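Down below is the structure, laid out as structure tokens.
Both ligands and their constituent atoms are indexed starting at 1 by order of listing. Computed from a predicted model, the values in this text were never measured in an experiment.
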Amino acid sequence: MSKPRIHILALGGTIATRPDATGAMQMGLGADDLVAAVPLLAKVANIEAETVSRVGSHSLSIDQMHALAAKIRSLQVDGVVVTQGTDTLEETSFLLDLLLDLEIPVIVTAAMRNPSLTSPDGPGNLLAAVRVAADPWVRAHARALGVVVVMLDEVYAAADVLKAHPTRVNAFASTQTGPLAALVEDRVVPMTLPVRDAVAAARRRLGDAAKAKASPVALLWMALDEPGYLIEAMIQAPDRLGYGGAIVGAMGGGHVAERSVDALKKLANLMPTVVSPRAGGGPLLRQTYGGPSSEIALREAGLIWGGRLHPLKARILLDTCLRAGLQRSAIAELFNAFG
Ligand code: GLU
């Protein structure tokens, strides 16, 4: 059987660093360098490699990811592997998942340990990602899987995967659902398919068309004794400080400090304001607690209920909704499908 054509798109990140004269790691390697470091890739697939950028993922933009999605859509290949930094991978992979609906596997991978260390994980993660992209089960289920992340021999759904540690090699996890598959020896061992009804419903509303840049989404993290000054500043500034929507990283099942409730209600009248669980994702309550800062009061006051998405992923979804020009009711319906 002929080997699949896999296209590698390199964006930068630790996987693409090399030491400068002082020994500090700098972005520098391109896609060809990454491929040259893993001769086994040629046994698994016919590889095409392309350097898109050489930047840390902390400096990528949402516009760049829209451009990357358009590029991926235009490729005539059997699978795509994106390499980037780990810092924003939980966001970029979910954005690609919202923007792409392809019959071919799209995999995002990265590295936690840089190439100058004794045990860098980049080469192993790249080989694993290409194995996943070339795997017959993955190819047969590509649309059902959506965009996936491969790190440390595990495969994760883009809607669920989180960076759960800043430095450890096992930094990634899907705490709500667990991995979809594992790599063992040279095999991909499938374990489960993700439930993607809410992503599919969102995709139907969002479409594939290139989106106009919209005003950015503010991430407002609620915390013990949070006074809400930032929320007040957004309400008082005529341009809302430039923001077009807000994510409220709420406590517990969807709660905020009582002192910030009035400001949040005002904000929700001015822009789509989505309540999302700061606990790391997981479904919010809807009808358990009463009182002014409860989920019942906040929902009645018009705050959009974010469902099980982590606030970082909710921010990506809201940004995509705003770019697509969706109005508040459509946005609320789309978030509601996430539980
Ligand atoms: N901060 C850099 C980035 O996200 C390096 C982190 C990494 O790749 O692990 O690109």
Side-chain angles (χ1 to χ4, degrees), residues 8-38 41 49-69 71-72 80-97 106-130 132-133 147-156 158-175 179 183 216 219 280 310-313 315-316 319:
I8 297 175
L9 293 162
L11 303 188
T14 289
I15 194 168
T17 52
R18 59 183 172 198
D20 65 16
T22 71
M25 299 308 287
Q26 301 274 5
M27 305 296 149
L29 302 180
D32 289 338
D33 303 307
L34 303 188
V35 172
V38 192
L41 289 173
E50 184 177 348
T51 306
V52 176
S53 60
R54 295 172 200 255
V55 298
S57 72
H58 47 273
S59 297
L60 287 170
S61 69
I62 292 178
D63 282 347
Q64 279 172 290
M65 298 313 294
H66 278 259
L68 186 74
K71 178 187 271 292
I72 292 172
V80 175
V81 171
V82 175
T83 64
Q84 64 157 88
T86 58
D87 289 355
T88 58
L89 188 151
E90 58 203 323
E91 294 156 271
T92 57
S93 59
F94 184 52
L95 179 53
L96 290 176
D97 198 29
V106 178
I107 320 292
V108 187
T109 194
M112 288 299 295
R113 291 173 60 81
N114 72 61
S116 75
L117 298 171
T118 46
S119 53
D121 53 332
N125 284 343
L126 181 58
L127 179 59
V130 170
V132 170
V147 173
V148 296
V149 169
V150 171
M151 290 294 287
L152 204 61
D153 290 344
E154 288 191 320
V155 181
Y156 302 105
D160 289 299
V161 69
L162 299 175
K163 184 173 182 180
H165 196 279
T167 52
R168 255 178 8 210
V169 72
N170 60 338
F172 284 81
S174 284
T175 50
L183 284 110
L219 188 53
H310 186 285
L312 289 173
K313 294 190 195 274
R315 178 177 165 274
I316 292 296
D319 185 277

Verdict with reasoning, L11 to T83, per side chain to side chain contact (heavy atoms under 4.5 Å, CB included) | CA-CA 6 Å; L11 303 188; T83 64; 5.8 Å; no
Looking at side-chain heavy atoms only, is the closest gap between V55 and L60 below 4.5 Å?
-> yes
Please tabulate, for the side chains in residues 16-30, all donor-acceptor contacts under 3.5 angstrom to protein atoms that are two or more places apart in sequence or on a different chain.
residue : atom : partner : partner atom : Å
T17     : OG1  : T14     : O            : 2.7
D20     : OD1  : T22     : N            : 2.9
D20     : OD1  : T22     : OG1          : 2.6
D20     : OD1  : G23     : N            : 3.1
D20     : OD1  : A24     : N            : 3.1
D20     : OD2  : Q26     : NE2          : 2.9
T22     : OG1  : A24     : N            : 3.2

Rounded distance (nearest 0.5 Å) linking atom OG of S174 with atom CG of L162 = 7.0 Å
Within the heavy-atom cut-off of under 4.0 Å, ligand 1 is lined by G13, T14, G56, S57, H58, G85, T86, D87, A111
Between Q64 and S61, is any side-chain donor less than 3.5 angstrom from a side-chain acceptor?
-> yes
Within a strict 4.5 Å, meaning less than it, do heavy atoms of the L9 and Q84 side chains meet?
-> no
